[in-house]
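Atoms within each ligand, like the ligands themselves, are counted from 1 in listed order. Predicted, not measured: the structure shown is a model, and the values here were computed from it.
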Amino acid sequence: MCGIVGAIADRDVVPVLIEGLKRLEYRGYDSSGIAVLDGSAIRRVRRTGRVAEMESAAAAEGFSAMLGIGHTRWATHGGVTESNAHPHLSHGVALVHNGIIENHEEQRERLRALGYAFESQTDTEVIAHLIHHHLQAGIDLLEALQRAVKELTGAYALAVISQAEPQRMVVARMGCPLLVGLGEGENFVASDVSAIVSATRRVVFLEEGDTAELTRAGVRVFDAGDVPVQREERLSSVSLASLELGPYRHFMQKEIHEQPRALGDTIEAAIDAGGFPAELFGKDAQAVLAGVTGVQILACGTSYYAGLTARYWIEALANLPCSVEIASEYRYRAAYADPKHLIVTISQSGETLDTMEALKYAKSLGHRHTLSICNVPESAIPRASELVCYTRAGAEIGVASTKAFTTQLAALFQLAVVLGKLHGRVDAAQEADYLEQLRHLPGSVQHALNLEPQIVAWAERFAGKANALFLGRGLHYPIALEGALKLKEISYIHAEAYPAGELKHGPLALVDAEMPVVVIAPNDSLLEKVKSNMQEVRARGGELFVFADQDSNFSASEGVHVIRTPRHAGVLSPVVHTIPVQLLAYHTALARGTDVDKPRNLAKSVTVE
Ligand code: F6R
């Protein structure tokens with residue numbers, strides 16, 4: 001979604017802004033712009049479409065400056081037009097904004113009455129005018145920003161410059177991430193560390209309600225009461241290499257292939273500990289996890305499917321009731337709340353608004369114990385949670401989640417074993433066995449990646465199809481859902497997933513020779529049932545594409561294509577079976593020529609409702 005970058009330096013910051021915006025492209029956007037202070041005047045360029053187009057326009061107009069702000073916009077209030085793109089201006093004040101201002105209508109009426117004219121349909125423009133309005137009282141830019149944000153309701157990360165104050169930039173944060181980057185004689189601001197990582201790795205994460213002033217010489221931070229505060233400086237672990245493509249064609253392909261490493265890193269602490277200590281989830285985890293009597297998982301999209309998989313593990317290994325709900329549904333219903341149940345939020349980005357709001361809502365219902373599984377340190381959801389487990393997938397740039405999903409599964413499996421131990425269901429021998437399975441996981445995933453050439457051949461057949469069905473049973477049903485989601489989001493082929501046993505209750509009507517049916521059919525206790533479901537498809541002329549494992553005792557025949565995934569002992573099989581469905585989606589999208597890393601209409605971090 002929207003991204004912010006800003007810089008103040010003794011050198012031309014335009015390349016810093018453009019590079020930063022390019023690094024934010026992965027989040028999803030539809031327009032971009034920069035505003036710089038050139039001499040004593042603000043100059044602005046905005047374009048719909050790719051950052052590269054805006055970059056060319058800025059170059060053609062000879063943009064060069066030592067203070068500037070930039071933005072990638074993902075349209076919410078107002079269409080995808082140049083006039084709605086950020087930065088927005090008000091009489092020499094320029095501003096970029098992430099988030100949504102809820103009382104923008106009311107502020108707009110007030111500002112109109114004060115004589116301000118509006119050029120855009122955005123909620124953001126009101127903030128620019130509001131700051132300008134406060135400046136009229138003779139105060140400085142920082143104070144004007146501090147007064148303005150107190151009149152806003154909603155969520156924002158803001159970066160503001162003014163032609164009247166060329167020596168500084170001011171910023172504010174509430175509900176949307178914003179961090180300051182510290183350089184030598186230069187300072188930066190960004191919504192995501194990747195935007196500034198080539199300039200500095202020394203960062204300060206602003207907290208809710210903070211404002212800050214950046215000059216070349218330093219940074220001053222103020223809390224929500226405008227009192228100066230010190231916020232801890234950290235060294236970001238995001239590496240430039242994780243933001244570069246290397247030998248791959250797409251970030252999605254790179255990230256699919258990084259999974260053995262990402263999983264290895266995520267399970268490292270358990271392997272090093274020689275088991276599953278509760279401390280994998282934080283230092284107070286033992287007491288909390290031993291005391292819970294059930295689990296409620298809240299998440300969206302792919303993370304929700306990780307949650308659906310975890311339910312099988314938690315109920316089977318720990319014998320605790322576990323419900324899984326889409327966060328955007330949970331937050332608006334009168335949900336049953338048992339304070340002894342653990343709320344588990346799963347979010348790759350840690351910023352998904354619906355998941356964050358669901359977490360807040362759960363707390364308001366009386367839930368005391370919360371745990372977050374997240375891939376982005378210091379993001380909003382883990383910060384608002386009692387216990388945290390960070391997956392160590394590394395930066396995920398492709399919009400379609402891949403390594404974040406499988407590492408979530410690894411973390412959730414560890415949670416299930418920890419709960420099983422603490423609730424007396426997993427003994428030492430079983431713990432050792434689960435650890436052994438976990439230890440082999442990166443290797444099994446590597447073997448699954450070696451299936452790529454066979455999957456490419458399938459993808460060529462899929463590329464011409466308009467629809468696809470995915471079937472799985474038990475633990476593999478969520479993987480069927482994930483396969484269908486991956487295929488639809490990057491190849492735009494309509495795909496649906498069902499538990500295979502549901503087929504005859506409706507979706508079988510869709511099956512004909514034009515409907516490819518992907519079946520996840522490892523050799524587990526449900527295999528014979530799945531085989532009968534496959535017969536139902538064949539009998540209607542449907543073409544089957546089956547991911548079977550080495551022991552599935554299943555062979556190809558007319559209309560039945562089989563790829564054998566590596567043998568993988570037991571309960572971690574869903575992780576291994578995720579790899580071929582990811583590869584199928586990727587290569588099908590490639591064959592159809594879609595923009596794999598930035599599929600249409602989608603954003604990486606969904607920070608709006
Ligand atoms: C799909 C995908 C999305 C996200 C969802 C939640 O490939 O990535 O469905 O899983 O938007 O995002 P997070 O995990 O960041 O909360």
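Shown in contact with S347 at under 4.0 Å from a heavy atom are these atoms of ligand 1, numbered in order with element: 13 (P), 14 (O), 15 (O), 16 (O). Counting the atoms of ligand 1 from 1 in the order shown, those under 4.0 Å from a heavy atom of K486 are 1 (C), 7 (O). Distances below 4.0 Å separate heavy atoms of A400 from the following atoms of ligand 1: 7 (O). Interface atoms of ligand 1 facing Q348, defined by a heavy-atom separation under 4.0 Å, are 13 (P), 14 (O), 15 (O), 16 (O).
Remark: among candidates L602, T302, I490, the nearest residue to atom 2 (C) of ligand 1 is T302, based on non-hydrogen atoms.
Geometrically, ligand 1 and Q408 share no nitrogen or oxygen pair separated by less than 3.5 Å.
Of all protein heavy atoms, the one closest to atom 13 (P) of ligand 1 is T352 OG1, 3.2 Å. Scanning the protein heavy atoms around atom 7 (O) of ligand 1, the nearest turns out to be E489 OE2, 2.5 Å. Scanning the protein for heavy atoms near atom 6 (C) of ligand 1, the closest one is C300 O, 3.3 Å. Annotation: atom 15 (O) of ligand 1 to nearest protein heavy atom, S349 OG, 2.7 Å. Given atom 11 (O) of ligand 1, the protein heavy atom at minimum distance is V606 CG2, 3.9 Å. At the shortest separation from atom 8 (O) of ligand 1 among protein heavy atoms lies S401 CB, 3.3 Å.
At least one cation-pi condition fails for R592 and Y492: the charged atom is not both under 6.0 angstrom from the six-membered ring centre and inside a 45 degree cone around its axis.
With respect to the salt-bridge test (charged N to carboxylate O, under 4.0 angstrom), the residues R23 and E244 qualify. Salt-bridge annotation for E329 and R333: absent, with no side-chain N of the basic residue lying under 4.0 Å from a carboxylate O of the acidic one. No salt bridge links K403 with E396; every basic N to acidic carboxylate O contact stays at or beyond 4.0 Å. Salt-bridge check for D595 with R50: passed, with a basic side-chain N closer than 4.0 Å to an acidic carboxylate O.
With rounding to the nearest 0.5 angstrom, the CZ atom of F405 is 9.5 Å from the OH atom of Y305.
Assignment of V399 to the shell around ligand 1 is supported, since a heavy atom sits closer than 4.0 Å.
Two residues are said to be in side-chain contact when any heavy atoms from C-beta on lie closer than 4.5 Å; P478 and P574 fail this criterion.
Between H86 and H97, the ring-plane angle classifies as parallel under the 30° and 60° cut-offs. Ring pair F545/H561 is parallel by interplanar angle, where below 30° counts as parallel and above 60° as perpendicular.
Residue E351 does not touch ligand 1, judged by heavy-atom distances below 4.0 Å.
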